[in-house]
Amino acid sequence: MITKLDSMLLAKKKFIYHYKNIRWAKGRHETYLCFVVKRRVGPDSMSFDFGHLRNRAGCHVELLFLRYLGALCPGLWGCGGSTEKKLSYSITWFCSWSPCADCSFRLSQFLNRTPNLRLRIFVSRLYFCDLEDSREREGLRMLKKAGVQITVMSYKDYFYCWQTFVAHRMSSFKAWDGLHQNYVRLARKLNRILQACETEDLRDAFKLLGL
DNA sequence: ATTTTCAAT
């Protein structure tokens, strides 16, 4: 794999500023999305693409990504003929914020209609997830039900992103103060949010059994 | 203890 030009990579400062998993991320009025798109071509070969996006005025970065999806995943919807076999892709993205409720809803709908696309989402910080009944929390659960694996970024994920998406110019990734503690706190929070899926399912099961 | 959030000026 040939390394992309620096201009296609994220500046170091930008990456650190936007992906820092601090509790009060003041001034992060932008969201970055670093992605890797993979397609299995044969038993040992794989097509591969990667890059990053930033939200634009009036368009959250997740929906922007969906706009580019056709170009990133040729054949995802078949190659014209309806009998044509659709190609399967798996996408991993790393987002500085977790998706808002609306994006989660639209993504879930899209994924439910596109079973040949697998999506894994890593997030640096949780967006509006403080309130127990926030719509953003509900959105994350909806994504999980649509088969998305949602994970909070840990050191190894930042390290990977640094190596893959950042114009690091041979400098190695240096963790900021509190990276690990913040990760642990956020991962617990996300687990609590997503576990509600299971208690809900359990409640439904009980109801079904008349218990 | 409290602080922020894909802005709005």
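Each chain gets a letter, A, B and so on, in the order the sequences are listed, and its residues count up from 1.
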Novice: What's the spacing between A:Met8 CE and A:His52 NE2 if we round to 0.5 Å?
Specialist: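 NE2 of A:His52 is found 8.5 Å from CE of A:Met8.
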
Novice: Rounded to whole angstrom, note down the P distance from B:dT2 over to B:dC6.
Specialist: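 Result for the P pair: 23 Å, nearest Å.
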
Novice: For the residue pair A:Phe173 and A:Tyr155, categorise the inter-ring angle as parallel (less than 30°), tilted (30 to 60°) or perpendicular (more than 60°).
Specialist: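 Geometry flag for A:Tyr155 against A:Phe173: tilted rings.
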
Novice: Under 4.0 Å, heavy atoms only, any strand: does A:Leu64 hit a base, just the sugar-phosphate, or nothing?
Specialist: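 No contact.
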
Novice: Compute whether any side-chain donor of one residue and acceptor of the other, for A:Arg120 and A:Thr92, lie under 3.5 angstrom apart.
Specialist: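 Side chains of A:Arg120 and A:Thr92: pair found under 3.5 Å.
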
Novice: Could you tell me whether A:Ser98 contacts a base, only the sugar-phosphate backbone, or nothing, with contacts defined as non-hydrogen atoms closer than 4.0 Å?
Specialist: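 Touches a base.
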
Novice: How far does the P atom of B:dA7 sit from the matching atom of B:dT3, given to the nearest Å?
Specialist: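 Rounded to whole Å, the distance is 22 Å.
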
Novice: Quick one: label A:Glu62 by what it contacts on the DNA or RNA (base, sugar-phosphate, nothing), any heavy atom closer than 4.0 Å.
Specialist: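 Base contact - A:Glu62 has a heavy atom under 4.0 Å of at least one base atom.
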
Novice: Considering only atom P, compute the distance from B:dT5 to B:dT9 and round it to an integer number of Å.
Specialist: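 Those two atoms are separated by 15 Å.
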
Novice: Taking the six-membered ring of A:Tyr17, is NZ or CZ of A:Arg28 closer than 6.0 Å to its centre and within 45° of its axis?
Specialist: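 Ring-cation test returns yes.
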
Novice: Using a heavy-atom cut-off of 4.0 Å to chain A, what are the terminal contacting nucleotides of DNA chain B, in 5' to 3' order?
Specialist: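 So the outermost contacting nucleotides come out as B:dT3 to B:dA7.
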
Novice: Please compare A:Trp24 and A:Ala57 by the position of their nearest nucleotide in DNA chain B and report the one closer to 5'.
Specialist: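 Closer to the 5' end of DNA chain B: A:Trp24.
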
Novice: Pick base, sugar-phosphate or nothing for A:Arg54, based on heavy-atom distances below 4.0 Å to the nucleic acid.
Specialist: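 Result for A:Arg54 = nothing.
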
Novice: I need the single residue from A:Tyr158, A:Phe122, A:Phe65, A:Phe15 that forms a ring-ring contact (aromatic ring centres under 6.0 Å, His included) with A:Phe94. Which is it?
Specialist: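 Single ring-ring contact (aromatic ring centres under 6.0 Å, His included) partner of A:Phe94 among A:Tyr158, A:Phe122, A:Phe65, A:Phe15: A:Phe122.
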
Novice: Starting at OG of A:Ser96, measure out to OH of A:Tyr32 and round the result to the nearest 0.5 Å.
Specialist: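 The distance works out to 8.5 Å.
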
